[in-house]
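Working notes, structure below.
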Amino acid sequence: MTLSSQNSISMQSGSFYIAVWGCQMNVYDTSRIRGLLLSRGYTEVSSPLGASVVVLVTCAVRAKAENKVFNQIASWRHDGLVNQSTVIALGGCVGTELGHKIIEAGQGVSVVFSPMTIHRLPDLIETYQKTGQPVCDVDAGSMEKFDSLPDSGLRGVSAFVTIMEGCSNKCTYCIVPYTRGEEESRRVSDVLDECRRHLDNGALELHLLGQNVNSYRGLNDDGSECSFAELLYQVASLDGAKRVRFTTSNPMDFSQELVGAIGELPNVAQSVHIPVQSGSDEILRRMHRRYTHDSYLELIASLRAVRPDIRVSSDFIVGFPGETGADFEETMRLVREVRFDQSFSFIYSKRPGTPAADYPDETSAHEKKQRIYALQELLESYAREYSKSDLGTVQEVLVEGLSSRDSGELKGRTSANRIAVFKGDPSLIGKAATIKITDVLAHTLRGELI
């Protein structure tokens, strides 16, 4: 596209509102969409009311997120926040999963895009505006968008960096391999260049993203292959990288080389997220998760051997087809053995097109709810214990902004991934600060500036 045609689009662009549901990779894609639309002359607004374009990015891993976005559109339409002239663009993994079905469903969606086609969004919007016909474009190479998106500039004290797209594990419950495609890693130089741009723009924390980051196999400039552990060493050594995180990890690909890197690199965050999904070997086998209850425990033990203060969070699926009471008790036993911090748990959600969607499921909804309540109560008890252990400690936080509950307070994030609120001058936003923890809740800390 020529510069003159870009300027022509910019003159016609108008305003946009953007909302996101789902994983951190959707958050990353949303930030890139925001930068793209701003570079094309759009102005971002804080409400769908009056926006000429409303962009919605949602996942397809669970039906809840998919249903929520359609309910949100209907609610906005009912309340008059969007109307017939509003361009509604719907993307994320749900775009890949449903494609033209979204338009055919008559939900008033104007443009459907996918994680692979976010770089085409302004042109798709223009096509709809010119023709009045809904547009669906969900197919592209997974790396194409990285070469086509502009630098989005300053994003805050923490910056997401996607290092790979897709997943090749084919867990039987998961739609992601079908919506984001097979694993493909970005070149090492591309990842490091993006990291440096974020650090130059003021970021202090780099958060590396992938559906399974520890299966990263990017190419070095000499054509050799780089493991995730090797990449982590390089990212952690960048000037200005005060803290490095990564999400998400599959236990079966969590190498001892990576364990060693976490032990040796002091700026790797104190918290690590390693989804286990279930503590039952039989359920793990049915999920196609290629590890066992005991091998997961061995991984956690090896991490705590090199980093005694490490905190482990996880994901759990309750009520997977065929899960018995004994299987669920194995999950509860695993939680007691590991003592997870700040984990996420969900009742199994059937996704059409996945192998598990055809598995017989005889467990009642009532029983599944009883199990999820018991699991969440146990997980919450450990989260409270970890918070209590922070009382009286001195913590370094990266200051993200004003507290959402009290504009007179700041909020920052600890290395252990806890939000801490404290009194402080707004000039600290975007910087590191040292606070003493004076009060604790299950997931939030309160402190005073030192």
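These numbers come from the heavy atoms of this one structure, side chains and all, not from hydrogens, waters or symmetry mates. Just so you know, these numbers come straight off a predicted model, no measurement behind them.
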Holding to side-chain hydrogen bond (donor to acceptor under 3.5 Å, both in side chains), I want the full list of residues that pass it with Gln234, two or more places apart in sequence or in another chain. none
Measure the spacing between CG of Leu121 and CG of Asp29 and express it to the nearest 0.5 Å. 11.5 Å
Among Arg290, His288, Gln211, exactly one meets side chain to side chain donor-acceptor pair (under 3.5 Å) together with Asn169. Which residue is that? Arg290
Intermediate values then yes/no, side-chain contact (heavy atoms from CB on, under 4.5 Å), Leu402 and Ile429: CA-CA 8 Å; Leu402 299 176; Ile429 295 174; 4.2 Å; yes
Looking only at side-chain N and O atoms, does Thr292 offer a donor or acceptor that is under 3.5 Å from a partner on Asp294? no
Using a 3.5 Å distance criterion without hydrogens, assess whether the side chain of Ser52 forms a donor-acceptor pair with backbone atoms of Ser15. yes
What's the shortest heavy-atom distance between Tyr296 and Pro275, and which atoms? CE1-O, 4.4 Å
Find the distance between CG (Asn250) and SG (Cys167) and round it off to the nearest 0.5 Å. 7.5 Å
Whether Thr331 side chain and Ser278 backbone form a donor-acceptor pair below 3.5 Å: no
With sequence neighbours left out, write down each residue that passes ring-ring contact (aromatic ring centres under 6.0 Å, His included) with His207, or none if nothing qualifies. Phe160
Listed by chain and number, what are the ring-ring contact (aromatic ring centres under 6.0 Å, His included) partners of Phe328, not counting sequence neighbours? none
Taking ring-ring contact (aromatic ring centres under 6.0 Å, His included) as the test, write out the residues that go with Tyr128, two or more places apart. none
N/O donor-acceptor pair under 3.5 Å between Tyr386 side chain and Arg339 backbone: yes
If the condition is ring-ring contact (aromatic ring centres under 6.0 Å, His included), which residues does Tyr233 pass it with, not counting sequence neighbours? none
Search all heavy atoms of Val45 against all heavy atoms of Ala51 and return the closest pair with its distance. CG2-CB, 3.8 Å
Does Glu409 pair with Arg446 as a salt bridge, N-O distance under 4.0 Å? yes
Just to verify, which of Val54, Val53, Ile33 counts as forming a side chain to side chain contact (heavy atoms under 4.5 Å, CB included) with Phe16? Val53
Within-4.5 Å side-chain heavy-atom neighbours: Ser403 and Val421: yes
Please identify each residue that fulfils salt bridge (charged side-chain N to carboxylate O under 4.0 Å, His left out) with Glu396, with sequence neighbours left out. Lys242
side-chain contact (heavy atoms from CB on, under 4.5 Å), that's the test. Do Leu379 and Phe316 meet it? Break it down for me. CA-CA 10 Å; Leu379 290 169; Phe316 297 88; 3.9 Å; yes
Identify whether the distance between the nearest side-chain nitrogen and carboxylate oxygen of Asp193 and Arg196 falls below 4.0 Å. yes
State which residues pass side-chain hydrogen bond (donor to acceptor under 3.5 Å, both in side chains) with Tyr382; sequence neighbours excluded, sorted by chain then number. none
Just checking, is any N or O donor in the side chain of Asp253 or Asn212 under 3.5 Å from an acceptor N or O on the other one? yes
Residues passing the side-chain hydrogen bond (donor to acceptor under 3.5 Å, both in side chains) test with Arg285, sequence neighbours excluded, are Glu282
Carefully, step by step, assess Asn417 and Ser271 under the rule side chain to side chain donor-acceptor pair (under 3.5 Å). CA-CA 6 Å; Asn417 207 29; Ser271 62; 4.7 Å; no
Keeping the roles fixed (side chain from Asp137, backbone from Phe113), state whether a donor-acceptor pair exists under 3.5 Å. no
Excluding sequence neighbours, so at least two apart, what forms salt bridge (charged side-chain N to carboxylate O under 4.0 Å, His left out) with Glu257? none
Shortest non-hydrogen pair, Ile435 vs Ala420, comes out as CD1-CB, 3.6 Å
Do the side chains of Glu230 and Arg217 get close enough for a salt bridge, i.e. N-O under 4.0 angstrom? no
So which heavy atom on Thr86 is nearest to which on Val82, and how close? OG1-CA, 3.6 Å
Atom OH of Tyr216 and atom CG of Leu208: how far apart are they, to the nearest 0.5 Å? 9.5 Å
Are any of the side-chain heavy atoms of Arg351 and Cys174 separated by less than 4.5 Å? no
Enclosure of Lys388 NZ (heavy-atom neighbours >12, cutoff 6.0 Å): no
For a quick check under 3.5 Å, do Gln342 and Ser313 share a side-chain donor-acceptor pair by atom type? no
Ignoring hydrogens and angles, tell me if any N or O in the side chain of Thr162 forms a donor-acceptor pair with the backbone of Met164 under 3.5 Å. no
Sequence neighbours left out, what passes salt bridge (charged side-chain N to carboxylate O under 4.0 Å, His left out) with Arg243? Give chain and number order. Glu205
Just by distance, do the side chain of Thr414 and the backbone of Val397 share a donor-acceptor pair under 3.5 Å? no
What's the spacing between Arg40 CZ and Ile125 CD1 if we round to 0.5 Å? 9.0 Å
Rounded to the nearest 0.5 Å, what separation is found between the OG1 atom of Thr248 and the CG atom of Asn214? 9.0 Å
Just by modelled atom types, is the Tyr28 backbone N or O under 3.5 Å from a matching donor or acceptor in the Ser31 side chain? yes
Roughly how far, to the nearest 0.5 Å, is CD1 of Ile372 from NZ of Lys368? 11.0 Å
Arg186/Glu194 ion pair, N-O < 4.0 Å: yes
Just by modelled atom types, is the Asp327 backbone N or O under 3.5 Å from a matching donor or acceptor in the Ser280 side chain? no
Checking side-chain polar atoms at under 3.5 Å, does Arg418 have a donor or acceptor matched by the opposite partner on Ser387? yes
Flag if over 12 foreign heavy atoms under 6.0 Å of CG, Asp309: yes
What pairs with Asp390 under side-chain hydrogen bond (donor to acceptor under 3.5 Å, both in side chains), at least two apart in sequence or on another chain? Arg311, Gln395
Do Leu37 and Val55 come close enough that some side-chain heavy atom pair is under 4.5 Å? yes
Please enumerate all residues that pass side chain to side chain contact (heavy atoms under 4.5 Å, CB included) together with Asp139, with sequence neighbours excluded. none
Short N-O contact, Arg286 and Glu323, less than 4.0 angstrom: no
N/O donor-acceptor pair under 3.5 Å between Asp281 side chain and His293 backbone: yes
Would the distance check show the side chain of Ser343 and the main-chain N or O of Phe340 forming a donor-acceptor pair, the cut-off being under 3.5 Å? no
Charged N to carboxylate O below 4.0 Å: is that the case for Arg187 and Asp221? yes
Taking the six-membered ring where the residue is Trp, are the ring centres of Tyr291 and Phe254 under 6.0 Å apart? no
